[in-house]
Protein chains: 2
Amino acid sequence: MDINQLGDRILAGDRRALARAITLVESRRADHRAQAADLLDRVAAERRQALRIGLSGTPGVGKSTFIESFGMLLTGQGLRVAVLAVDPSSARTGGSILGDKTRMERLSRDRNAFIRPSPSQTHLGGVARRTREAVALCEAAGFDVVLIETVGVGQSETVVSEMSDLFLLLLAPAGGDELQGVKRGIMEMADIILINKADGDLKAAATRTCADYSGALRLLRKRPQDPDGFPKALMVSAVEEQGLAQAWEEMQALTAWRRENGHWDANRAAQARYWFDQEVRHALLSRLDTAEAKAEMDRLSAEVSGGRLSPAAAARAMLATIKAD
Amino acid sequence: MDINQLGDRILAGDRRALARAITLVESRRADHRAQAADLLDRVAAERRQALRIGLSGTPGVGKSTFIESFGMLLTGQGLRVAVLAVDPSSARTGGSILGDKTRMERLSRDRNAFIRPSPSQTHLGGVARRTREAVALCEAAGFDVVLIETVGVGQSETVVSEMSDLFLLLLAPAGGDELQGVKRGIMEMADIILINKADGDLKAAATRTCADYSGALRLLRKRPQDPDGFPKALMVSAVEEQGLAQAWEEMQALTAWRRENGHWDANRAAQARYWFDQEVRHALLSRLDTAEAKAEMDRLSAEVSGGRLSPAAAARAMLATIKAD
């Protein structure tokens with residue numbers, strides 16, 4: 001594969017080239033990893049930025065319908081939209097976004113949209129890294145908005161918020177006045193909480209839930225990156241396409257304020273440092289992944305489990321064999 | 001400090017030498033770490049083994065009273081007992097075992113007992129490593145039983161079970177017939193569940209709770225390391241010192257069966273492999289902890305956050321500077 005040519009096609013906005021490049025960054029083969037690194041370096045030089053929107057919501061809140069309706073609103077305004085997923089739990093057989101791609105029928109046929117399921121890996125760290133690289137490729141391909149969705153398994157919200165400019169939490173109307181057991185840490189990540197299904201029989205419940213969350217958000221400690229009134233809770237109906245335009249206006253207002261006040265750049269810089277740190281740790285530990293290192297680990301492991309070496313002494317012996325790159 | 005001499009005193013069962021050695025393994029100074037490694041290698045050569053008992057229970061279940069009563073039962077039988085704690089949440093100001101040491105008044109005065117609070121570190125990995133080394137020192141000092149207690153913050157039960165031969169879960173009688181929200185993963189770790197406070201007004205509730213847990217344990221998948229009837233739930237009263245002798249008999253019966261059937265050795269071998277793997281990863285990442293590495297990380301971090309280098313490119317540059325040990 002000619003990486004320069006692939007890079008040029010991505011920068012020209014070619015969706016097939018983008019899909020191929022994402023497949024490349026998802027590969028675990030060493031030669032593919034090296035090509036992916038070259039490609040990412042090459043396209044990063046253009047320094048294109050999309051608005052990265054993280055979106056979390058448990059199954060049943062209408063996430064795919066929301067993405068479809070919201071995505072169509074954006075493409076209707078002439079914007080190009082990419083949708084990526086972080087779902088470490090998924091073996092991609094059912095459930096989330098692969099099925100969503102068929103459910104997001106209109107959006108997946110839209111020439112200004114690009115939908116990509118989560119890479120099939122069980123390890124969240126691996127999914128995080130590849131998704132982050134896919135986001136960078138989408139930005140290089142000139143997408144205006146990159147939606148990164150997660151079903152909220154374990155730490156995946158944190159991972160998504162570490163690669164997003166904005167974080168949305170999508171909720172369904174609650175039965176009573178309880179706050180649906182949303183973890184405090186997740187609420188504290190949200191810039192905007194969207195109560196979906198504000199339509200038909202659920203409209204009254206949605207109004208009440210929205211008021212409950214507005215109250216709960218006011219009790220949170222004010223963050224420096226928020227203008228007055230944020231974070232906020234809004235009602236939407238993805239099915240009836242209600243409230244989406246207003247939600248988008250709020251997102252744009254928040255983003256504009258953050259850009260003007262230096263928070264956008266500061267957040268991007270902090271995220272870059274975070275991912276740099278993660279990359280270094282990952283790369284260092286990958287020195288254990290060579291065939292030689294694995295064989296030596298196995299040999300020493302047998303010594304340790306046989307009681308002939310202490311774990312610490314064996315670790316020292318192992319470390320002595322690991323060379324620099 | 002003369003490490004050979006310190007090792008000899010530990011092997012002779014000197015409690016002051018043991019306390020001093022644990023302080024040494026808890027130190028983060030590089031020269032102390034090297035001395036600690038020498039000491040651990042030296043005492044490990046004797047290959048002494050205690051019965052390591054992991055004990056988990058949330059605050060309020062009467063853990064310190066249980067440890068006091070159970071510990072006194074063991075020392076009353078001529079056994080030497082060490083008590084260690086894994087509590088990453090603790091800044092050691094209040095709460096757990098440091099306070100316990102004053103509450104465990106009788107046990108802490110017993111010449112056959114040794115009580116040591118958790119090392120004060122916020123990082124669970126650090127606490128785990130140092131506790132494991134402290135366990136090894138207690139074994140070398142000839143203790144028959146090492147009790148490792150945890151308050152069950154985050155992953156600390158997993159850490160404790162990875163260094164234990166037996167895992168006890170201490171619970172209080174429940175109000176209704178609900179299973180007190182004990183996480184399934186924790187229940188699956190338990191070899192024996194002890195319902196404490198089976199005395200006075202709570203006796204009926206304890207009986208019901210014990211029956212509930214007996215039922216719940218029967219629904220779990222049978223593990224190869226369990227003889228018939230295990231894991232099991234028992235009632236105890238630490239305050240009235242009831243049921244403790246029977247619980248100890250059950251622990252001994254379980255341990256004897258596991259020794260006879262090879263599970264004791266297999267478990268110890270698997271744990272040794274696990275800790276070897278953890279040690280290697282930790283030691284590899286500690287190559288980032290030198291002054292030179294930190295300075296280079298800071299320099300590259302600034303390049304990354306300024307947008308002049310991608311996280312991946314900076315990580316490659318960083319890796320190239322990290323030498324083997």
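The chains referred to below are lettered A, B, ... by the order of the sequence lines, with proteins before strands, and numbering in each begins at 1.
In this structure, chain A has no heavy atom under 4.5 Å from any part of B:Arg268. With a 4.5 angstrom heavy-atom cutoff, A:Arg281 touches chain B via backbone and side-chain atoms both. Heavy atoms closer than 4.5 Å to chain A are found in the side chain of B:Met318, but not in its backbone. For chain A, the nearby part of B:Ser310 is the side chain; its heavy atoms alone come within less than 4.5 Å. Both the backbone and the side chain of B:Leu300 come within less than 4.5 Å of a heavy atom in chain A. Contacts between B:Leu285 and chain A at a heavy-atom distance below 4.5 Å involve backbone atoms as well as side-chain atoms. With a threshold of 4.5 angstrom between heavy atoms, B:Arg129 does not approach chain A through any atom at all.
Put simply, the side chain of A:Arg287 reaches to within 4.5 Å of the side chain of B:Ile322, judged on heavy atoms.
Scanning both residues, B:Arg316 and A:Ala37, for their nearest heavy atoms gives NH1-CB, 3.2 Å. The heavy-atom pair separating B:Val280 from A:Leu288 by the smallest distance is CG1-CD2, 3.6 Å. Taking every heavy atom of both residues into account, B:Ser305 and A:Arg273 meet most closely at CB-NH1, 3.3 Å. Of all non-hydrogen atoms in B:Pro311 and A:Ala272, the two that sit nearest each other are CG-O, 3.9 Å.
Taking chain A as the reference chain and counting heavy-atom pairs below 4.5 Å, the highest number among B:Asp41, B:Asp277, B:Asp265, B:Thr321 is found for B:Asp41. Taking A:Ala312, A:Ala136, A:Ala266, A:Ala44 one by one and counting their heavy-atom pairs under 4.5 Å with chain B, the maximum is reached by A:Ala312. In terms of heavy-atom pairs under 4.5 Å with chain B, the best-connected choice from A:Gln278, A:Glu303, A:Glu279 is A:Glu279.
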